[in-house]
Protein chains: 2
Amino acid sequence: MNVSTNIKIDEDMKYHKIPDETIRRMPMYLRALSLLEQDACQTISSRQLAQQLHLNPPQIRKDLSYFGAFGKRGIGYPVQSTVQQIRKILKLDGTQSAALIGAGRLGTAIAAYPGFSVFGFEVASIFDIAPKKIGKKIGAMTVEDAADLDTLKKRKIRLAILAVPAEAAQSCAEALVQAGVKGILNLSPSCLAVPRRVKVVTIDIAMALGVLPYYM
Amino acid sequence: MNVSTNIKIDEDMKYHKIPDETIRRMPMYLRALSLLEQDACQTISSRQLAQQLHLNPPQIRKDLSYFGAFGKRGIGYPVQSTVQQIRKILKLDGTQSAALIGAGRLGTAIAAYPGFSVFGFEVASIFDIAPKKIGKKIGAMTVEDAADLDTLKKRKIRLAILAVPAEAAQSCAEALVQAGVKGILNLSPSCLAVPRRVKVVTIDIAMALGVLPYYM
DNA sequence: TATTGTTTGTGAATGTGAGTACAAATATCA
DNA sequence: TGATATTTGTACTCACATTCACAAACAATA
């Protein structure tokens with residue numbers, strides 16, 4: 001029933017479907033290795049790294065091996081070049097500009113958050129719908145009118161952070177998709193409906209808190 | 001185990017090991033059903049709920065059935081009583097007081113976040129280490145000295161939200177454990193080491209953003 | 001050089017979760 | 001009442017993810 005070319009390509013290119021869970025862990029590795037790089041650490045073994053991240057060594061080795069053989073047997077992984085490799089894999093080499101939607105308390109906190117730089121992200125512009133907030137300064141940026149979201153296309157910004165109330169999230173998401181955005185980090189407690197080509201990651205703080213009492 | 005909780009639920013929990021993924025989804029169901037309850041919706045089918053949450057109907061049925069048979073065949077799930085059941089399961093009946101550590105921008109945003117009330121959470125007190133911030137008013141609360149974290153034991157607060165820089169996170173976590181805290185929502189990009197009896201959930205915003213370019 | 005100790009990369013085994021299919025239960029309507 | 005449509009609960013199957021176990025590769029040292 002299936003096409004033989006697919007199989008052949010799979011064999012020839014040693015194609016493996018990379019688990020989503022592996023992708024989810026890659027930024028962990030990138031951050032940890034970046035810190036080690038700053039400390040002038042040359043190499044690190046999967047055992048040491050696993051200790052830091054509370055993971056099992058074989059997990060780390062398998063994750064990294066999906067993308068090639070970065071390590072050296074008897075030695076470990078070379079910190080600097082592995083950082084570069086992971087950056088390439090995650091498409092985080094070079095600066096990634098992101099638009100921030102929502103200039104409320106959460107949006108303001110996100111705009112000032114220093115933790116994005118490890119991954120090469122920068123918040124390039126801030127939007128809000130409230131006339132009171134438009135024109136206001138947040139750090140070095142001026143809040144723009146959310147009605148002008150379509151300018152993102154010209155500016156080639158394809159990444160957005162959505163920090164608006166749940167009621168506004170879906171309509172914002174649609175405007176972002178219209179503006180050519182390809183990835184959305186949704187910080188509102190809502191389930192966004194977007195075309196399949198657009199990737200959404202939702203962080204719901206209250207929901208994360210919601211599981212804690214169960215385990216206590 | 002606790003004898004005062006619903007006996008039937010405890011019995012069911014003995015015989016089935018409930019998947020962590022199921023627990024993770026329960027707050028989703030709780031939120032969605034709470035909204036439906038506000039709209040005076042009497043019952044909802046797994047199909048309708050799945051459509052809202054972008055899940056498969058059998059997934060929802062299986063998740064709920066771990067805790068008993070809440071639904072009625074041919075009808076669906078009674079909204080009101082299922083909400084109450086899930087609250088009981090997640091130990092979210094009654095108000096859950098949480099301490100917020102860190103009165104920076106993110107902490108301030110968290111303190112004012114309205115989304116906790118659906119689950120019965122309330123931020124009961126705010127702590128910081130910076131002398132400048134101690135004594136400051138945030139909403140109706142006064143920022144307390146993080147050196148006094150041990151007062152949480154007396155106040156019987158067993159839940160904490162950690163909104164401090166990564167460098168301070170581990171020492172804060174240790175102080176919280178010392179103060180009898182049993183669950184920590186960690187909002188810093190750090191991997192906390194705590195005794196096994198303490199449950200930690202970490203939300204790393206930059207890391208969540210870090211996977212997006214890969215999929216674009 | 002030979003030996004010992006360390007570490008990676010990976011096939012195999014194990015464990016966990018998701019999807020499918022269907023019987024049982026209920027409502028609706030002719 | 002009988003027939004049809006709807007929906008739950010669950011056994012079974014399949015897919016995905018983690019862990020184990022070990023050969024291959026390298027360093028260090030005598």
Side-chain angles (χ1 to χ4, degrees), chain A residues 1-2 10-11 13-26 28-29 32-33 36 41-83 85-86 89 211 215, chain B residues 8-9 11-13 15-26 28-29 32-33 36 41-82 85-86 89 211 215:
Chain A
M1 157 194 138
N2 215 327
D10 284 357
E11 283 172 353
M13 302 189 65
K14 299 206 167 178
Y15 172 85
H16 299 288
K17 153 89 165 127
I18 292 156
D20 283 342
E21 291 299 304
T22 293
I23 300 299
R24 203 178 48 74
R25 282 187 293 269
M26 293 304 282
M28 283 182 61
Y29 303 148
L33 291 169
L36 290 165
C41 177
Q42 299 289 317
T43 61
I44 189 167
S45 68
S46 58
R47 193 160 53 83
Q48 292 171 297
L49 192 56
Q51 210 158 21
Q52 277 191 34
L53 300 175
H54 300 154
L55 296 171
N56 295 324
Q59 175 95 83
I60 293 175
R61 293 203 297 274
K62 179 158 277 196
D63 280 345
L64 293 177
S65 75
Y66 279 116
F67 304 98
F70 301 155
K72 273 215 169 118
R73 301 178 183 210
I75 305 285
Y77 295 89
V79 173
Q80 201 170 11
S81 70
T82 306
V83 163
Q85 290 285 349
I86 298 180
I89 291 161
V211 301
Y215 291 103
Chain B
K8 186 165 191 285
I9 289 168
E11 277 175 357
D12 286 341
M13 284 163 62
Y15 297 120
H16 307 287
K17 148 86 174 150
I18 292 156
D20 284 341
E21 291 299 302
T22 293
I23 299 299
R24 204 178 47 76
R25 282 187 293 269
M26 294 303 283
M28 283 182 61
Y29 304 149
L33 291 169
L36 290 166
C41 177
Q42 299 290 317
T43 62
I44 190 167
S45 68
S46 60
R47 192 160 53 83
Q48 292 172 297
L49 192 56
Q51 209 160 21
Q52 276 191 35
L53 300 175
H54 300 155
L55 296 171
N56 295 325
Q59 174 91 270
I60 294 176
R61 294 203 295 275
K62 183 178 277 192
D63 282 343
L64 293 178
S65 75
Y66 280 115
F67 304 100
F70 301 156
K72 272 214 169 117
R73 301 180 183 210
I75 304 284
Y77 295 88
V79 173
Q80 202 170 10
S81 70
T82 305
Q85 290 285 349
I86 298 178
I89 291 161
V211 302
Y215 291 103

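All chains are named by letter (A, B, ...) in the order of the sequence lines, taking the proteins before the strands, and each is independently numbered beginning at 1. These numbers come from the heavy atoms of this one structure, side chains and all, not from hydrogens, waters or symmetry mates. Predicted model, so just to flag it, every value in this text is computed and none were measured.
The closest side-chain heavy-atom distance from B:Ile86 to B:Phe67 is not below 4.5 Å. With contacts defined as side-chain heavy-atom distances shorter than 4.5 Å, the pair A:Tyr66/A:Ile23 does not qualify. Side-chain atoms of B:Leu64 and B:Met26, non-hydrogen and from C-beta on, do get closer than 4.5 Å to each other.
Taking 4.0 angstrom as the limit, A:Ser46 places a side-chain polar atom (N or O) nearer than this to OP1 or OP2 of C:dT8.
For B:Asp20 and C:dG17, the CG to P distance is 6 Å, given to the nearest whole Å. Between B:Gln51 atom CD and D:dT6 atom P the separation is 15 Å, expressed in whole Å. Residue A:Arg24 contributes atom CZ, which lies 13 Å from atom C1' of D:dT18 at whole-angstrom precision. The nearest whole Å value for the distance from the CD1 atom in A:Ile18 to the P atom in D:dC16 is 14 Å. For the pair B:Arg25 CZ and C:dG17 C1', the computed distance is 8 Å after rounding to whole Å. Taking atom CD1 on A:Ile23 and atom C1' on D:dC16, their separation rounds to 14 Å, with Å as the unit. Separating the CD atom of B:Gln85 from the P atom of D:dG9 is a distance of 12 Å, rounded to the nearest angstrom. Atom CD1 in B:Ile60 sits about 13 Å away from atom C1' in D:dT7, given to the nearest Å.
When all heavy atoms of A:Tyr29 and A:Leu49 are compared, the closest pair comes out as CD2-CD2, 4.4 Å. Between B:Pro57 and B:Arg47, the closest heavy-atom pair is CG-CA, 3.9 Å. Residue A:Asn56 comes nearest to A:Ala50 through the heavy atom pair C-CB, 3.9 Å, listed as atom of the first residue, atom of the second, then distance. Of all non-hydrogen atoms in B:Arg24 and B:Glu21, the two that sit nearest each other are NH2-OE1, 2.8 Å.
In terms of the side-chain contact (heavy atoms from CB on, under 4.5 Å) criterion, residue partners of B:Gln48 (sequence neighbours excluded) are, by chain and number, B:Ile44, B:Ser45.
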Atom pairs, protein N/O to nucleotides 25-30 of chain D N/O, distance under 3.5 Å:
residue	atom	partner	partner atom	Å
D:dC26	O4'	A:Arg73	O	3.3

Which pairs, protein N/O on one side and nucleotides 20-22 of chain C N/O on the other, fall under 3.5 Å?
none

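A distance of 7.5 Å separates CD1 in B:Ile89 from CD1 in B:Ile18, rounded to the nearest 0.5 Å.
Legend: salt bridge (charged side-chain N to carboxylate O under 4.0 Å, His left out) pairs involving residues 54-81 of chain B, not counting sequence neighbours, sorted by first then second residue: B:Arg25-B:Asp63.
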Show me the donor-acceptor pairs, under 3.5 Å and distance only, between side chains in residues 74-82 of chain A and residues at least two apart or in other chains.
residue	atom	partner	partner atom	Å
A:Thr82	OG1	A:Pro78	O	2.6

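The end-to-end axis angle of the helix from C:dT1-D:dA30 to C:dA30-D:dT1, rounded to 10 degrees and based on five pairs per end, is 10°.
In this structure, the nucleotide among D:dA17, C:dG9, C:dG17 sitting nearest to the side chain of A:Tyr77 is C:dG9.
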